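For clarity, every value in this text was computed on a predicted model and none was experimentally measured. Just so it is clear: chains get the letters A, B, ... in the order the sequence lines come, proteins before strands, and each one is counted from 1.
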Amino acid sequence: MNFRWDIIFEYAPFLLKGTMLTIGLSVSSILIGTFLGLLIGLGKIMRNKVLAFPFYCYVTVFRGTPLLVQIFLIHFGIVPFFTGKTNAITAGVIALSLNAAAYIAEIFRAGIQSIDKGQMEGARSLGMTHTQTMIHVVLPQAFKRMIPPLGNEFIVLLKDSSLLCVIAAPELMYWGKAMGGQYFKVWEPYLACAFIYLFLTLILSFVLNRLESRLKTE
Amino acid sequence: MNFRWDIIFEYAPFLLKGTMLTIGLSVSSILIGTFLGLLIGLGKIMRNKVLAFPFYCYVTVFRGTPLLVQIFLIHFGIVPFFTGKTNAITAGVIALSLNAAAYIAEIFRAGIQSIDKGQMEGARSLGMTHTQTMIHVVLPQAFKRMIPPLGNEFIVLLKDSSLLCVIAAPELMYWGKAMGGQYFKVWEPYLACAFIYLFLTLILSFVLNRLESRLKTE
Amino acid sequence: MIKVENLKKSFGDNEVLKNINAIVAPQEVVVVIGPSGSGKSTFLRCINQLETITGGHIFIEGLDTTDKKVNINKVRTEVGMVFQHFNLFPHKTVIDNIMLAPLKVRKVSKEQASQRGMELLKKVGLAEKANAYPDSLSGGQKQRVAIARALAMEPKIMLFDEPTSALDPEMVGEVLEVMKQLAKEGMTMVVVTHEMGFAKEVGDRVIFMDEGFIIEENIPSEIFDNPQQERTKAFLSKVL
Amino acid sequence: MIKVENLKKSFGDNEVLKNINAIVAPQEVVVVIGPSGSGKSTFLRCINQLETITGGHIFIEGLDTTDKKVNINKVRTEVGMVFQHFNLFPHKTVIDNIMLAPLKVRKVSKEQASQRGMELLKKVGLAEKANAYPDSLSGGQKQRVAIARALAMEPKIMLFDEPTSALDPEMVGEVLEVMKQLAKEGMTMVVVTHEMGFAKEVGDRVIFMDEGFIIEENIPSEIFDNPQQERTKAFLSKVL
Amino acid sequence: KEKEVTTTSEKEESNGKTLRIVTDAAYAPFEYLEGDKVVGFDVDFINAVAKEAGYKVKVEHVGWDPIFVEIESKRADIGISAITVNDERKQSYDFSVPYFLSTNKILVPEKSDIKSGKELKGKVIAVQTATTGQEAVESLLGKNHKDIKKFENNNLAIQELLQGGAEAVVADNTVVEEYVKNNPDQKLKVVEDSSSFDQEFYGLMFPKGSELKADFDKAVNAIYENGKYAEIYKEWFGTEPDVETLKAQQ
Ligand SMILES: Nc1ncnc2c1ncn2[C@@H]1O[C@H](COP(=O)(O)OP(=O)(O)OP(=O)(O)O)[C@@H](O)[C@H]1O
Ligand SMILES: Nc1ncnc2c1ncn2[C@@H]1O[C@H](COP(=O)(O)OP(=O)(O)OP(=O)(O)O)[C@@H](O)[C@H]1O
Ligand SMILES: [Mg+2]
Ligand SMILES: [Mg+2]
């Protein structure tokens, strides 16, 4: 098999552009997804089962259906409904955020429930409200424990962003496919993309490990 | 939008066949992946860092690259290398198993490390070997704690099996795409598939919850 | 100060407190003893409304805390509580542990909170640990910080739930010392403990509980030297 | 029976045991006391090879356990250990906890293991709990099961690391009772404990450790009533 | 911001509005991305037709599935993506008169003894989903026959052939010829058999009831007549088009 390095070099600027968009999409989705995930996770642990039910459904549906379908629904249904036209990047960020939010909600729920009940009681006995306790006592500690699973989720999200090529969001995989389409090649684009994804996830892991050990010693 | 129920009915037998294969692929990959994951997880926590290194790399690479690329490599590279020809189902099971094994290895590692050190010491002080202690004391307890994350992984794997349509493994998503290709319809196949996936994941969640609560009360 | 009337508390079918009546006078130190599972902790937690009671009334300074209209967070600021396992916030330094509630609940200024916090740390003998994290402290030090934290809200009453039972024997003394000091200063206290020495020395009154009832209550010397009930005798013979 | 020669143990830079020499004679009960962090647990764990020692030798029945050729699992079957936190296997019933090691290590038959297990449970007064799970037992019961489990391997020596310090005061007695019984039967024992009553009553010899050294050792009456070292005096004044 | 991948026809005599043309630029040489530009036969063709019909157009790469959603929801005006016309699809969309006659050819390993379409029976064949190749093979073996493996693109179908998972690939002649030309070292050959395969045609795809269809049908015929079509065809495929068959199909 002759590996066509030349076409990889030819496409390098596009792959770079795609990588930038992949990073941009992932980072914004992570931020939004974490925020939504926190709200949904808090919603799911409400004592009032009726109020918690919609959050429960949200998590079930988003975790139970393929991301691909969610991307289509949002790209062709939700976004045009509000703005009148499709926009792959907007839809991509929304789809990834909403999907990640479901997983992150579970991470938050587990993190919060892993904090010893004594912490809540200690703070409540000082006269702090439930909300104050959550904000100042439970969440800061839960957050520390959530870093490893959140890190995993971020890596998953980074890779999942490759699915956005189906709606032609010009991220990394999109350019990989364009390269394959032009030259009838399979290995060159996919291996190139795989290495870039691996590189990105390694950097992310490294950053997360640093963060984790810094928080640990704190 | 007129929703073409008729084409869903027309493709119902194919979707059913696809669903069966999806289930078959997922179940076998889960079993193999769990077994491999256990070995890799144990490998990763070996005290000898040199021996543990390959396991560490395995997990990093399989978690750091898109499953799609892994599927291609295994389908077009590994399987033909050994058998002389491609086989989508074999490649599918291998790719899903190897991918899941990386995630499951991390679950095992975390599960084992979450077991109080006192358990290991208690058993070792009775003269049991490290291996005996792992088998009879640590793993049974770790396994109980691993059921929730394993359950999540199974759900992820079930949905990930939809990626096998790219190598023409005739699972659920493959037939969904065939339907879409024949009628140039998008919503009918994807929504039908989404509902089937949701249904499967709900059943899986239910079974896992039952298992979890049964093990808890035991 | 505290008046408990016909207090009942069940967990599901399990009635843990069965008609408790008790009064704690201002500046009084009441020691609660009893076997494990007799409901001592639950009793304290009910006073502080950490458990929703199933029946009866609890009055704190004349205010019926079971009344829906009473702001329970307000009540809790008047009632400090110290737990067996300290329940310090591990992500905050000692001084931040102490300052958190005054800042957030009493809304005092940072300077004021910090000044008052340092005073309290001095009082419990830990001024030099102000910027340490709880995990670096010994058990006895943790418990003293927990006491200082509760005092920072300037409560009228302090509840202690086995404050020394998670401590190494050597550290028990230093915590009891702080508690004695508090009692001397006139703090109203309810103390669940197995430390009979403390009960004898500091307690104004001892309550013996078993199976959700108050079996006997009296001044310490009477309870220890002349218990009236069989169950009290049996219990004391084991722990003394 | 046990001979410890120039034992040294460091964790990284932290030298926890600094040249320990000790002998335990057959049927002797040695009690180890000392402040927290002085290295008592580490000392016991070294005897059992749960920690790899950094220097010196430990002979058990004349066998140098630090010799690479010695099968450490074999050595451990001769040395039973009971921990502060019991370390029972929560996924197994009481009888299964006791039978596991005999079945897997000694390879005895199921009937034999079960029969011997029941005998031991009777001995510690828990025959009726054979099929209960550890979580449903009280602390004292758990610790008695842990003792039975260690005895099931028919060890020649038993090591106890603060066996009663995680227990409610009421339950301490029942565990000490079992230990006294063992001592009476002639078991060689090394016991780390804060229960000075036990030390006085059962101990043949008391070792006082501090900062990784054996500071003083003597028969109990001498140690408690007439300590030679300042540090021993200071420590005893706190805990008695 | 999204940078749109477009090509706009230069002259605008039109009624102002630019038509939105959607395509899946992953099917060389009909439409593919050259860097960030959509190029290919279909692109040149639609530009010529639009000019003829007096419309301004903008070709946008949206991906395969999205084409149908965009057209069905009428957010796009025309889909052009080597789309094969068949009766099932006509139920949902309108199509222009055929603008391309697709000749399917069989790609096999050099050593293969397959010499005609008939001999494909009983063999495993790889195709790209929703192409004329799939139509052709299904009309031979039957719809969703178990021996047909459908891939997302021809690249993967050919890869399957190379790795021994299929004994033949059926696809547009241009696709297979282009592949063989680009990859001489792969030891593949092309088998021609126009007799076994039905003729398959490409059409422009419109939303059901689109008013553009009439204008574009007229314009297609016009460029057949004025030679523009043949010019574009020759530029891309190097041969003369069979305009007569195309016209006969109308
Ligand atoms: N949150 C709870 N849910 C259900 N049952 C509970 C709960 N808290 C306590 N109980 C039960 O209530 C009873 C009394 O418990 P409590 O903790 O008040 O006893 P205690 O006297 O403080 O014992 P100890 O000395 O062991 O602390 C026990 O039987 C206990 O199992
Ligand atoms: N695994 C370990 N890694 C590092 N340091 C350790 C480890 N185990 C013990 N140490 C340190 O060794 C010293 C002695 O610990 P050890 O547990 O032997 O004391 P101890 O006398 O048993 O105290 P206690 O009465 O609290 O049980 C302590 O300073 C402790 O921090
Ligand atoms: Mg209690
Ligand atoms: Mg110790």
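Inspection of non-hydrogen atoms places D/R45, D/N48, D/L50 of residues 34-59 of chain D under 4.5 Å from chain B. Contacts with chain B (heavy atom to heavy atom, under 4.5 Å) involve these residues of residues 150-159 of chain D, listed by number: D/A150, D/M153.
Applying the side chain to side chain donor-acceptor pair (under 3.5 Å) rule to pairs touching residues 55-79 of chain B yields A/N152-B/R63, B/T65-B/Q70, B/Q70-B/N99, B/H75-E/E160, sequence neighbours excluded.
No more than 12 heavy atoms of other residues, nucleotides or ligands shown are found within 6.0 angstrom of NZ on B/K85. No more than 12 heavy-atom neighbours from other residues, nucleotides or ligands sit within 6.0 angstrom of CZ on B/F143. The number of heavy-atom neighbours closer than 6.0 Å to NZ of D/K3, taken from other residues, nucleotides and ligands shown, is 12 or below. Within 6.0 Å of CZ in D/F11 there are more than 12 heavy atoms belonging to other residues, nucleotides or ligands.
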For D/K104 and B/I135: C-alpha separation, side-chain torsions, deciding distance, then whether side chain to side chain contact (heavy atoms under 4.5 Å, CB included) applies.
CA-CA 11 Å; D/K104 300 298 165 190; B/I135 294 175; over 6 Å; no
Side-chain atoms of residues 139-147 of chain D: list all donor-acceptor pairs with protein atoms under 3.5 Å, sequence neighbours left out, distances to 0.1 Å.
residue : atom : partner : partner atom : Å
D/Q141  : OE1  : D/S138  : N            : 2.9
D/Q143  : NE2  : D/F83   : O            : 2.9
D/Q143  : NE2  : D/P163  : O            : 2.7
D/R144  : NH1  : D/V124  : O            : 2.9
D/R144  : NH2  : D/E174  : OE2          : 3.0

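The minimum heavy-atom distance between D/F89 and B/G122, with the atom names listed, is CZ-C, 4.4 Å.
Without hydrogens or angle criteria, D/N87 side chain to B/Q119 main chain gives no donor-acceptor distance under 3.5 Å. One N or O on the side chain of D/H91 and one on the backbone of B/H136 form a donor-acceptor pair closer than 3.5 Å.
In this structure, OG1 on B/T129 lies 13.0 Å from CD1 on D/I72, to the nearest 0.5 angstrom.
Only the side chain of B/Q132 comes within contact range of chain D, with at least one heavy atom under 4.5 Å from a heavy atom of that chain. Proximity to chain B is absent for every atom of D/K74, based on heavy atoms less than 4.5 angstrom apart.
When side chains are defined from C-beta on, D/R149 counts as touching B/L126, because their heavy atoms get closer than 4.5 Å.
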